Amino acid sequence: MKVYLDNNATTIVDPHVFAEMEPYFVQRYGNPNSLHLFASETHPALKDAMEKIYAGIHAPKDDSIVITSCATESNNWVLKSIYFEQILTGKKNHIIISEVEHPSVIATAKFIESMGCKVTYLPINHEGIIDPQSVRDTITDKTALVSVMWANNETGAIFPVEEIGDICEEYNVPFHTDAVQAIGKLPVDIQSFNVDYLTFSAHKFHGPKGVGALYIKKGRELTPLLHGGSQMGGYRSGTLNVPGIVGMGKAMEQAVDALDYEMEDIREMRDAFEDELLKIEDTFVVTPREKRTPNTILISFRGIEGESMLWDLNRAGIAASTGSACASEDLEANSVMEAIGAAEDLAHTAIRFSLSRYTTQEELDYTLDMVKKAVERLRGISSTYSYAPEGHESGLDAH
Ligand SMILES: Cc1ncc(COP(=O)(O)O)c(CN[C@@H](CS)C(=O)O)c1O
């Protein structure tokens with residue numbers, strides 16, 4: 001049996017999405033910017049796809065949504081443009097991000113920090129969530145940008161973007177949120193709160209890889225990262241990825257249609273699965289489930305190196321992760337567990353399970369069975385593990 005439970009890393013392309021994309025690879029394959037029939041026959045699909053993407057986040061037509069190659073590009077673009085326009089010119093000298101942003105935000109922040117920008121890394125609390133007060137405590141009249149993700153990719157923790165948006169509006173500081181883990185999991189309505197830039201990526205909600213987007217509120221300009229043929233209104237040059245844009249549009253439409261199922265049925269399956277996992281001795285979950293996206297579990301199995309657990313699960317045909325895929329190559333502790341101050345013997349034991357609308361109860365039942373077998377095997381061969389629930393100084397309450 002093969003079970004895929006790493007949907008926060010990437011998702012399967014919905015068959016309806018693939019069907020919508022296929023003609024733009026092999027029939028209507030013209031370059032949209034050419035002056036002939038092969039080009040113009042792509043235009044209706046591009047228009048329709050963009051309308052679906054705008055509708056998916058409730059973006060007014062006057063605002064901009066620029067298609068990029070991925071969320072990493074979109075995140076880089078925001079921070080580097082702000083650096084170019086605000087920090088390099090001396091107008092401002094500071095940005096604020098959370099300490100658990102995706103590497104595409106953190107690494108870019110460290111890059112511009114190395115070039116003289118002051119960066120505040122907001123701490124997360126014991127539940128893995130940002131306190132909006134920490135934004136108010138650190139924002140100044142020299143702050144050029146606040147960038148805080150909507151939902152964390154490792155824990156699923158939902159951050160208070162509405163409150164943070166209000167604080168940014170009060171200080172007239174642009175607010176960027178990386179919404180990659182929110183689209184398709186939570187209602188996203190950019191008119192319901194103050195946000196200036198918003199990042200998302202199609203392969204996180206059953207669209208194709210290689211297609212991302214950046215929402216830009218009217219009046220908040222950005223210096224282009226890519227110059228050339230002036231596509232996307234001059235914001236981002238490069239021949240349009242027609243099948244990718246068509247795919248993102250269909251995936252967005254499907255994600256909105258499936259949102260109730262995601263938020264109710266998937267949440268119910270996730271909660272029941274998590275309840276069973278927490279019956280295993282010495283297991284810990286950081287963020288309360290009601291403060292998480294409906295599909296994500298980050299659970300620690302004390303005494304078991306995350307990679308060892310993954311290996312056993314992989315042999316059983318089960319795909320999970322120790323945190324974000326970007327960090328899975330190294331044997332470092334889970335960055336979120338470290339940020340909340342988890343004890344060393346916990347920080348390396350986190351496993352992320354992330355469900356999707358394609359996850360079945362049978363798959364979860366099989367996974368639970370395999371997890372129990374892996375825990376028994378790995379703790380059995382451990383030279384250091386002994387179950388001691390009373391008085392163990394872990395910084396997390398044993399379940
Ligand atoms: C919050 C967030 N922001 C940006 C990205 C990057 O998306 P790309 O379209 O792949 O560039 C991701 C992708 N997180 C994957 C791969 S590292 C994970 O396993 O958690 C993300 O979760």
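As the structure lists them, so they are numbered: ligands from 1, and atoms in each ligand from 1. Because only heavy atoms are used, hydrogens play no part in the values below, and waters and symmetry mates are left out as well, while side chains stay in. The first residue in the sequence is number 1, and the count goes up from there. Because the structure is a prediction, the values reported are computed rather than measured.
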I need the atoms of ligand 1 closer than 4.0 Å to a non-hydrogen atom of [X], numbered in the order shown.
X    : value
S201 : 9 (O)
H203 : 8 (P), 9 (O), 10 (O)
A9   : 15 (C), 18 (C), 19 (O)
D178 : 1 (C), 2 (C), 3 (N), 4 (C)
R352 : 18 (C), 19 (O), 20 (O)
T72  : 6 (C), 8 (P), 11 (O)
M149 : 1 (C)

Worksheet item: Could you give the distance from CG (D14) to CZ (F205), rounded to the nearest 0.5 Å?
Response: 11.5 Å

Discussion item. So, taking the atom named CD1 in I65 and the one named CG in L198, what distance separates them when rounded to the nearest 0.5 Å?
Written reply: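 Rounded to the nearest 0.5 Å, the CD1-CG separation comes to 8.5 Å.
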
Discussion item. Please report whether ligand 1 has a polar contact with C70, defined as an N or O pair separated by less than 3.5 Å (distance criterion only).
Written reply: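 Between C70 and ligand 1, no N or O pair is found under 3.5 Å apart.
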
Worksheet item: Taking the side chain as C-beta and beyond, is there a heavy-atom pair between T177 and T199 under 4.5 Å?
Response: no

Worksheet item: For the rings on Y197 and W77, is their centre-to-centre separation under 6.0 Å?
Response: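 Ring centroids of Y197 and W77 are no less than 6.0 Å from each other.
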
Fill in: Centroid-centroid under 6.0 Å between W150 and F193 rings
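When the ring centroids of W150 and F193 are compared, they turn out to be within the sub-6.0 Å range.
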
Worksheet item: What do you reckon, does K204 put a non-hydrogen atom under 4.0 Å from ligand 1?
Response: yes

